[in-house]
Amino acid sequence: MHRIEVDAEIDVLEANRRLAAENREFLKKHGITAINIMGATGSGKTLLIEKTADALGDKVRMGAILGDVVGKADYERVARHGVKAEMINTGKECHLDAHLIHHAIEKFNDVDLLLMENVGNLICPVDFDLGEDYRVVMVSVTEGDDVIEKHPEIFRLADVIIINKVALAEAVEANVDKMVEDARKLNAKAKIIKMDLKKDVGFDEWLEWLQEVMSKQNGR
Amino acid sequence: MSFAQAIVENVLKLAEEKGAKKVSKVLVEMGELLLINPEQLEFCFQVASSGTIAEGAVLELEFIKPHIECLLCGKRYDEPIAICECGGIIKVEGGKDMVIRKIEMEV
Ligand SMILES: [Zn+2]
């Protein structure tokens, strides 16, 4: 036996890119608008999906994939609203990836809108293309008004940036204008929505955006 | 864990092609912006490779710096920041790849 050194040039992340492309193909074929919703735990992602299900449930066929490290609390919350839902437990992983979605999307071939709730953090999900059409990042003012400048990458790549719980801004001494400004500096084209889901602030704006992108999708 | 698994799978595939009996070292180039904790990756690599011919192999990591530059004044940074001190928007390039460069094996 002797020892040899082999030069390799293997792109490890290539597999995720390939699977994401396959997911994208599947979604396109079935006319599904898929949205990757990212944000920290407690930012309001699950509530956004629940409220969207209530608002659109009888108008569009909606599905939801709920990603979480363990447990199925979010899945149960969403399934109660009468939409097709699927739980993905990632175990040790802190993000969803194209492979995990690959297995789940087959069940959603009959929906028009697929919301995918990513695992609750602002770092790891950034690098994993799931094959989604749009990326939404949700933060809440309770995370501090410097949360956007601390995580530039995820905001740079977002299509929609939601700043949630704005009604609490004063109580937690967060400057919403600063957050909007930070987001705008990082991302010139994202839609920025100031929201408070518990007080119905900004939710209509979200629904309008959803309907807008869905009609665009149907025309593709 | 999926990173470690992907590394092991790729390493084993190439080792098999070369008819290797054992893999002793793997050199991986990693973008700093992937924000992967090296100790965690090494641990996951050991777990993912156990029971294979890559069990016990050394995982060597080389970190690659991204290119970060202000679009307005051209100032360069070592770490990604939101906004340049001059108020300009920052452009970030690279630093997000993960490439297996070299595999040492016994044939
Ligand atoms: Zn500058």
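The model shown is predicted, which means the values in this text are computed figures rather than measured ones.
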Taking a cut-off of under 4.5 angstrom between non-hydrogen atoms, the residues of residues 155-178 of chain A near chain B are A:R156
B:L27 portion near chain A, given a 4.5 angstrom heavy-atom threshold: neither
Distance-minimising heavy-atom pair for B:K96 and A:L13: O-CD1, 3.4 Å
Measure distances from A:D97 to the heavy atoms of chain B and classify the residue's part below 4.5 Å as side chain, backbone, both or neither. side chain
Whatever's closer than 4.5 Å to a heavy atom in chain A on B:I7 counts as both
Answer yes or no: are there more than 12 heavy-atom neighbours, outside B:F63 itself, under 6.0 Å from its atom CZ? yes
Evaluate B:M98 against A:D11 for side-chain contact (heavy atoms from CB on, under 4.5 Å), listing each step before the verdict. CA-CA 6 Å; B:M98 187 185 265; A:D11 187 340; 5.6 Å; no
Ranked by heavy-atom pairs below 4.5 Å to chain B, first place among A:E5, A:H99, A:R3 goes to A:R3
Please check if the number of heavy atoms outside B:E79 that lie under 6.0 Å from its CD is greater than 12. no
Nearest heavy-atom approach of B:M105 to A:V6 is CE-CG2, 3.6 Å
Are B:I100 and A:V12 side-chain neighbours, meaning at least one heavy-atom pair lies under 4.5 Å? yes
Options A:D7, A:I10, A:D127, ranked by heavy-atom pairs under 4.5 Å with chain B, top entry: A:I10
Could you please state which residues from residues 50-60 of chain B sit under 4.5 angstrom from chain A, measuring non-hydrogen atom to non-hydrogen atom, sorted by number, or 'none'? none
Answer yes or no: is there a side-chain heavy-atom contact under 4.5 Å between B:E104 and A:I4? no
Heavy-atom distance under 4.5 Å to chain B: side chain of A:H95, backbone, both or neither? side chain
Counting heavy-atom pairs under 4.5 Å to chain B, which of A:E9, A:H151, A:K150, A:E14 comes out on top? A:E9
